[in-house]
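Please read these numbers as outputs of a predicted model, since none were measured by experiment. Naming: A, B, ... by sequence-line order, numbering from 1 per chain.
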Amino acid sequence: MPSFVIQEKCDGCKEQDRVSCVYICPNNLMALDKDSKKAVNQEVDQCWECYSCVKICPQHAVEVRAYADIVPMDGSVVPLRGSDSIVWTIKFRNGNVKKFKFPIRTTVEGSINPYAGKPEADISKLDSPGFFNMDSAYMPRISD
Amino acid sequence: MGSFGKPDIVEIETDILIIGGGMAACGCAYELMRWKPEDVTVRLVDKAAMERSGAVAQGLSAINTYLGENKPEDYVRMVSNDLMGVVRDDLIFDVGRHVDNSVQLFEEWGLPIWKQPGDEEKPLSEGGKPVNSGKWQIMINGESYKCIVAEAAKKALGMNNIQERIFIVKLLLDANDDTRIAGAVGFSTREDKIFVYKTNAILCVAGGAVNVFRPRSVGEGMGRTWYPVWNSGSTYAMVAQVGGELTMMENRFVPARFKDGYGPVGAWFLLFKARATNNKGEMYLERNRDMLKDYPPYGLAKVPATCLRNHLILKELREGRGPIFMRTDKALQALAASYEEEFGPDEAKKKIKHLEAEAWEDFLDMSIGQAGVWAGENIEPEKVPSELMPTEPYFLGSHSGCCGIWTTGPSDIAPPEWQWGDKPPKAGEDPEPGQKNYNRMTTVQGLFTAGDGVGASGHKFSSGSHAEGRIAAKSMLSWVLDHRDFTPTLSANTTELAEEIYAPVRIYEAHKDYSTNIDVNPYYITPRNLQARLQKIMDEYVAGVGTMYTTNVTLMEIAVRKIGELKKDSKKMMARDLHELMRAWENYHRIYAGEAHLRHMLFRKETRYPGFYYNMDYNYVDEVNWKCFVNSKIDPVTGEWSVFKRAHKDLVSKS
Ligand SMILES: Cc1cc2nc3c(=O)[nH]c(=O)nc-3n(C[C@H](O)[C@H](O)[C@H](O)COP(=O)(O)OP(=O)(O)OC[C@H]3O[C@@H](n4cnc5c(N)ncnc54)[C@H](O)[C@@H]3O)c2cc1C
């Protein structure tokens, strides 16, 4: 079920500091075409349909079309990812539509302060079990 | 500035190098940065963007390892039974006693975790009760799981210590000690640059291996593998090539999943209480239950080992009673009826709507393609059942499999033979006693692993992989602090290394004008064709889907020869751009992962995992002779494999 880019909508992220889909694809599939300055999935049969490119595209120019070799045509699964939730629209081949909304995170993106309020590590415990934020005195041993 | 074919060579010195940016790598980064003194330097390299790299890229709908009130001993017993008894209790116990702390951090960072009614506002760390879908699994709204975990890791590390889009090709041993790691080399997939790292310690956590076997879908759907298509066995191959001992590489995972989209089944079985039947509506598990008696004790447990459940499915398919249906329709209808009875029609309607959303979320959070299959096939799960199918085989050490690398265990639990430091054991021998132990170190000094990398300890999943990365972080730091006087010396010079990496580009440039079709040229082989050749060998000779997972010694001996020829030809892979250069090296890694699997299977004269594969010359479990680890090692100089046994030991009672 490879992703594809809608010509009319893709602006090559020219206003952004990076091309979003090219930045995100875990399999390095999205590339910017030198001539058209639009994104293209360069190796569709290696697409895991993880939707990372679809979710990140600021123009909503990337969609997914089910694998031509497996799935009957005309269905679609389209996400709209906001800051705290995602809405999915599923269109069936027979025209039925289902919509679902799920939370995605409870904090603001970019707001994580990884060690705020956490204890310092006690370097004398480096070779003991337990993490810096755990009390290694209470680490269980095998008891049966 | 480099140009294609003329890359710049950049040398980087760092005390610690983390290879990979997935769950284990993120855990390592987080823990390490809290412990390490200012002057210890760290660098993380990932072939992708950490925000969406590795197996959790598209999200997950459950955290599969959360102990809560369960005892780590019970966790060890569950894992051991599921993996047919041959696992390392010390490693599993160690994950079990650490893992919940990572899950609590995920929640704190912003991952929504489902809670029991009344506990919605109460975090896990304060005793909030999660919604379990099984004894060890808890439900999450996990679309952004990886984004959240990566954000914390990136903040902890600092972006100037991270390089994305670097594919690591190989590890480098020290010129003065061929059991000591000294560096790694890789290339950018975005600019013409080669990176040579000189380092004191490495955490190699590049995930499992996918697409070694021919997948069931070979057209456009080839990318819809179950495990992530981009993890190509780099962890196993790179460690093996520098002489790191592998363990249990004969283990594979063949999940039975929804057909074609490979959507998860766990929530359907555990949360919605769905049943799976053959074409006659009979429950295959009941019909074939007697077959489990052939495999005591693993088949007799309350939850029989996963491979044995596959074994029962395969009987149905072989005898023509396929397909196996997941009766989603019956399950949802039954739940609806019970709601109506309990809550009345109005309330029941709401509850059913909620249930339907949960069922779809299970796919949309981690296997979106399955939703696409259902949409295209007009499958509404409350109305019709769906087909299940066992997939092509995968190699992994963190999910429901246990292949990987042989490492040390925790100093306070592991027996002496599983502890070492400066003097790692030689093949088949025990380590010298009395050395300082460094947890999760391979048999190469200074080289550590975690997650999918650590063998003989499956069922860590996302949370356990994160926790194991944190465990490794501490011992790696300890290693570096104890070896501050070490200066890495590389045996090859950087220009030679660069030429080796760019060989596929050179081959392409030298021969590209010979034929008029870029894909057909007697002087080279495209990475795509090489991959297809590997997959054909593995599928037809090494028990892939084509033979219903069966093989025998003769077939495997032929495969050894064919893989040998393939390895020679792999030197003739071509690459016309940086993207294809990455494909070439991925396939090189896949060959090694596949070869390790094959050699281990050939060595083990029994069928330890019926349902995952059958060696028809020895189609039984032999507890007397083969309840042991099978380990292997490549001589880094000659490239010769040796395969040998190591004794198994129960540390936790199994009855
Ligand atoms: C379909 C599916 C369902 C799952 N379901 C669940 C679930 O419900 N619950 C649960 O808890 N877990 C689940 N898991 C398991 C979980 O995702 C893994 O256990 C975990 O991600 C393993 O962590 P890791 O760090 O070892 O590997 P990964 O997270 O895969 O990370 C590997 C990293 O290495 C990088 N890399 C690979 N090769 C190279 C190279 N040569 N050079 C540089 N970088 C490289 C990758 O880009 C990536 O960053 C699921 C996984 C999948 C795929």
Side-chain angles (χ1 to χ4, degrees), chain A residues 1-2 23-28 31 42-52 64 66-77 86 88 90-94 98 100 102-107 109-110 112-115 118 121 123 126-127 129 131-134 139-144, chain B residues 30-31 34-35 48-49 51-54 57-58 72-73 93-94 97-98 101 109-112 141 143-144 148 151-152 155-156 189 217 219-225 228-230 260 357 360-361 364 368-369 371-373 375-378 410-413 470 474 477-478 579 582 651-653:
Chain A
M1 181 176 267
Y23 160 73
I24 205 70
C25 175
N27 208 12
N28 203 39
Q42 57 177 327
E43 207 186 355
V44 289
D45 65 5
Q46 291 300 305
C47 178
W48 203 46
E49 58 201 20
C50 72
Y51 275 67
S52 298
V64 159
Y67 303 122
D69 58 334
I70 302 177
V71 186
M73 294 172 77
D74 299 336
S76 69
V77 177
I86 188 163
W88 292 95
I90 299 168
K91 197 175 119 275
F92 289 74
R93 177 170 161 89
N94 61 15
K98 284 185 195 287
F100 300 105
F102 307 116
I104 60 173
R105 68 186 284 174
T106 60
T107 54
E109 188 185 332
I112 297 174
N113 190 349
Y115 302 119
K118 299 277 172 218
I123 196 80
L126 185 62
D127 292 324
F131 297 136
F132 75 87
N133 59 341
M134 288 164 88
M139 284 312 283
R141 304 278 168 83
I142 295 173
S143 66
D144 67 307
Chain B
Y30 180 73
E31 189 71 17
R34 196 58 168 171
W35 289 89
E51 189 179 329
R52 295 266 187 200
S53 66
Q58 73 179 297
E73 285 86 349
F93 189 90
D94 204 22
R97 65 180 172 171
H98 283 91
N101 189 271
W109 295 334
L111 179 69
N141 298 108
E143 188 278 336
S144 294
I148 292 167
E151 185 185 321
K155 287 253 180 72
T189 59
S217 301
E220 202 180 71
M222 195 157 62
R224 182 79 283 264
T225 50
V229 57
W230 44 78
D260 297 335
W360 281 92
E361 183 176 10
L364 296 169
I368 307 161
V373 173
E377 297 203 325
N378 291 328
S411 309
D412 62 332
I413 296 177
R470 295 173 72 190
K474 285 177 60 194
L477 177 61
S478 186
H579 180 70
M582 179 172 78
L651 305 178
V652 173
S653 73

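Interface remark: of the candidates H98(B), M222(B), K155(B), H98(B) forms the most heavy-atom pairs closer than 4.5 Å to chain A. Interface check for chain A: of the options A48(B), A357(B), S653(B), A49(B), the most heavy-atom pairs under 4.5 Å are formed by A357(B). The most heavy-atom pairs under 4.5 Å with chain B, out of N133(A), T106(A), D127(A), I142(A), come from I142(A). Chosen from C25(A), P129(A), S76(A), the residue pairing most often with chain B at heavy-atom distances under 4.5 Å is P129(A). The choice from A156(B), A57(B), S53(B) that makes the most heavy-atom pairs within less than 4.5 Å of chain A is A156(B). Comparing L651(B), D260(B), N101(B), I413(B) by how many heavy-atom pairs each has under 4.5 Å with chain A, the most go to N101(B).
For the residue pair K474(B) and L126(A), the shortest heavy atom distance occurs at CE-O, 3.2 Å. Residues F132(A) and E31(B) come closest through the heavy atom pair N-OE2, 2.8 Å. Here the closest heavy-atom approach between residue T107(A) and residue W109(B) is recorded as OG1-O, 2.7 Å. Closest non-hydrogen pair, D45(A) versus G219(B), comes out as CB-O, 3.7 Å. Between I70(A) and S217(B), the shortest heavy-atom contact is CD1-OG, 3.3 Å. Between R34(B) and A121(A), the shortest heavy-atom distance links the atoms O-CB, 3.6 Å.
Put simply, the side chain of Y115(A) gets close to the backbone of Y30(B): a donor and an acceptor are under 3.5 Å apart. Remark: the backbone N or O of F102(A) is not paired with any side-chain donor or acceptor of E143(B) at under 3.5 angstrom. Between the side chain of R97(B) and the backbone N or O of P140(A), at least one donor-acceptor pair lies under 3.5 Å. A donor-acceptor pair is defined here as one N or O able to donate and one able to accept, closer than 3.5 Å; no such pair exists between the side chain of Q46(A) and the backbone of G223(B). In this structure a side-chain-to-backbone donor-acceptor pair under 3.5 Å is present from N378(B) to R93(A). A donor-acceptor contact shorter than 3.5 Å links the side chain of E220(B) to the backbone of A68(A). In this structure, the side chain of W35(B) does not engage the main chain of I123(A) through any donor-acceptor pair within 3.5 Å.
For a residue to count as touching a neighbouring chain, one of its non-hydrogen atoms must lie under 4.5 Å from one of that chain's; by this rule I90(A) touches chain B with the side chain only. With a threshold of 4.5 angstrom between heavy atoms, E109(A) approaches chain B through its backbone and through its side chain. Both the backbone and the side chain of D412(B) have a heavy atom closer than 4.5 Å to some heavy atom of chain A. Contacts of I86(A) with chain B are made by side-chain atoms alone, with heavy-atom separations under 4.5 Å and no backbone atom involved. Looking at L364(B), both its backbone and its side chain come within 4.5 Å of chain A, counting heavy atoms on both sides. In this structure, the portions of P112(B) lying under 4.5 Å from any heavy atom of chain A include both its backbone and its side chain. No part of D74(A) comes within reach of chain B, as not one of its non-hydrogen atoms sits under 4.5 angstrom from that chain.
Note: Y23(A) OH to R52(B) CZ = 10.5 Å, rounded to the nearest 0.5 Å.
Checked against salt bridge (Lys or Arg N to Asp or Glu O under 4.0 Å), K98(A) has the following partners two or more places apart in sequence or in another chain: E356(B), E380(B), E382(B). By the side-chain contact (heavy atoms from CB on, under 4.5 Å) test, N28(A) is found to be paired with R165(B), T189(B), R190(B), H579(B), M582(B), residues two or more places apart in sequence or in another chain being considered.
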